[in-house]
Number of protein chains: 2
Amino acid sequence: MNEAAPAGTQVVAPLKRETFSDRIAADLRRAIISGEIEAGDQLREIELAARFGVSRGPLREALGLLASEGLVVSVPYTGTRVLKLTAKDVREIYTMRTCLESLAFKEIWNSRSEAFATELEARHKKLLGTQQLSDHVASSEAEVSLHSLVYEFCGHTLLHESWLRIAGRLQFYLAVHQRAHGRTAPIDDAHERYVQLALGDSLDRMLDEIEAHMQRGIVQMEDYLDG
Amino acid sequence: MNEAAPAGTQVVAPLKRETFSDRIAADLRRAIISGEIEAGDQLREIELAARFGVSRGPLREALGLLASEGLVVSVPYTGTRVLKLTAKDVREIYTMRTCLESLAFKEIWNSRSEAFATELEARHKKLLGTQQLSDHVASSEAEVSLHSLVYEFCGHTLLHESWLRIAGRLQFYLAVHQRAHGRTAPIDDAHERYVQLALGDSLDRMLDEIEAHMQRGIVQMEDYLDG
DNA sequence: AATTGTATAATTGTTGACAATCTTACAATA
DNA sequence: TATTGTAAGATTGTCAACAATTATACAATT
């Protein structure tokens, strides 16, 4: 092999040109989260290619992206289906979140900016708005967006990337769960407390809140499965 | 309230048929980690397709897999190049490892099996062997394999998956680093201590060791960059 | 009725050709 | 000299047809 790039030149913000597969992956993601395509459904390549007006090549690439996010699972020569979440899956999502989000707050704690605070409150307000409108999809998106903030600001690229890889599954679960419940109203003031502590002055209390927040999420899921 | 065996058809070990892209991805991974393809090199699809005797379709899929592992980075219409690790990248890998491996040990601690202990010592012995042979590739693989064990045994699928997604980058770094150093001999008895504590009876001491282990890794990397 | 074998259909895996985009070299211009 | 425009080449993106594999229906057999 040959030819590395010149040592000095640093690639900055490649300004990625959008390719078909990106748009298709986004559309499919939306369709899955909104419930238009249900959990367990098979995603047929020919059918979807026709629907999006492309050939199977780019479509396969889009499915590959979704598979890397865990939203679909594909078996060679058999097909790819929309993820069917189990209770174990959800528990794992929450324990992972505890771990990742704690690290994110540790990383950002001593350099929380004004912009961070502003944006955090903006996203919180947006979440409250969607909850009042009973818009399940927008609500799940807003909740994920609220929690995404710390990953976006903490400056830890790998951590942010790891978060993005499970954020889709979380949003999928939240949307499904809320649809099943038939409500989007918050069960308590958890997010108020979350925002307040995130802007407060005790990292330890924030970390405790994260753990408690996730634990409540697990309990809520298990209650739902029992009821 | 736990555990599986739900009604309905359960997917049992799909026995994945191997497809071209899997084998190609594995071969490319090996070539990248061994240094046959150097960091920063461009991976040309036509050239690689010819080398592996396939068309560009499966090859592109293989590149997609490597991209999802972070071993290569691709820009639309421009190409995909082998990852060039920065000091920041390496620091992030180690802080992520601290976070993930701690969770893994918390999960497994009270259910460590006899098989776990046996396999841990087996992999440790294998690591020592490769280090004496000064085989950089095998040594980096053995070291990653040693640390992989806890993820394989802890029963946390999502955690394991997250680990696999950074394990390739870690092995890549270890191999590059060891080649640059020209040695594979351990700098201290870190792995002895790691194994001993992993089989010991204090989770807290194990967690401390993980943190220290990763911190040493970062320091070692920074020393190398300065020297 | 349950099981097994076989032909058929449906679906994914793979290929080679063509289109779109980027990179490079180089001449024209100020 | 430095800059800009342009054309050629190289590389990736996309497509439509073909091959390999799996799933289904159904008859034959026990």
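All chains are named by letter (A, B, ...) in the order of the sequence lines, taking the proteins before the strands, and each is independently numbered beginning at 1. Because the structure is predicted, anything quoted here is derived from the model rather than measured.
Remark: Glu18(A) does not engage Arg23(A) in a salt bridge, criterion side-chain N to carboxylate O under 4.0 Å. One finds a salt bridge joining Glu92(B) and Lys88(B) here, because a Lys/Arg side-chain nitrogen approaches an Asp/Glu carboxylate oxygen to under 4.0 Å.
To the nearest angstrom, P of dT14(D) lies 14 Å from CZ of Phe52(A). Between Leu59(A) atom CG and dT12(C) atom P there is a gap of 10 Å when expressed in whole angstrom units. Regarding Tyr77(B), its OH atom lies at a distance of 7 Å from the P atom of dG13(D), rounded to whole Å. Residue Glu61(A) contributes atom CD, which lies 14 Å from atom P of dG13(C) at whole-angstrom precision. Rounded to an integer number of Å, the gap from CD of Glu18(A) to C1' of dA20(C) is 16 Å.
Within residues 36-49 of chain A, the residues that have a heavy atom under 4.0 Å from DNA chain C are, in order of number, Gln42(A), Leu43(A), Arg44(A), Glu45(A), Ile46(A).
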Are any protein N/O atoms closer than 3.5 Å to N/O atoms in nucleotides 15-18 of chain D? If there are, list each pair with its distance.
{"residue": "dC15(D)", "atom": "OP2", "partner": "Ser55(A)", "partner atom": "N", "Å": "2.8"}
{"residue": "dC15(D)", "atom": "OP2", "partner": "Ser55(A)", "partner atom": "OG", "Å": "3.1"}

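Evaluation of the salt bridge (Lys or Arg N to Asp or Glu O under 4.0 Å) test over residues 151-162 of chain A, restricted to residues two or more places apart or in two chains, returns Arg123(A)-Glu152(A), Glu161(A)-Arg165(A), Glu161(A)-Arg169(B).
Looking at heavy atoms from C-beta onward, Leu63(A) lies in side-chain contact with Leu28(A) at the 4.5 angstrom threshold. Within the 4.5 Å cutoff, the side chain of Val82(A) has heavy atoms near those of the Phe172(A) side chain. Side-chain contact between Ser139(A) and Gln178(A) is present, with at least one heavy-atom pair separated by less than 4.5 Å.
Ring pair His177(A)/His181(A): centre-to-centre distance below 6.0 Å. Between His213(B) and His147(B), the distance from one ring center to the other falls under 6.0 angstrom.
Distances shorter than 4.0 Å separate some side-chain N or O of Thr19(B) from OP1 or OP2 on dT14(C). For Thr80(A) and dT12(C), the shortest distance from a side-chain N or O to OP1 or OP2 is not below 4.0 Å.
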Checking salt bridge (Lys or Arg N to Asp or Glu O under 4.0 Å) for the pair Glu69(B)/Arg29(B): CA distance, chi angles, key distance, verdict? CA-CA 10 Å; Glu69(B) 295 172 19; Arg29(B) 215 176 282 123; 2.9 Å; yes
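When the nearest nucleotides of DNA chain D are assigned to Thr78(A) and Ser21(A) by heavy-atom distance, the more 5′-ward of the two goes with Ser21(A).
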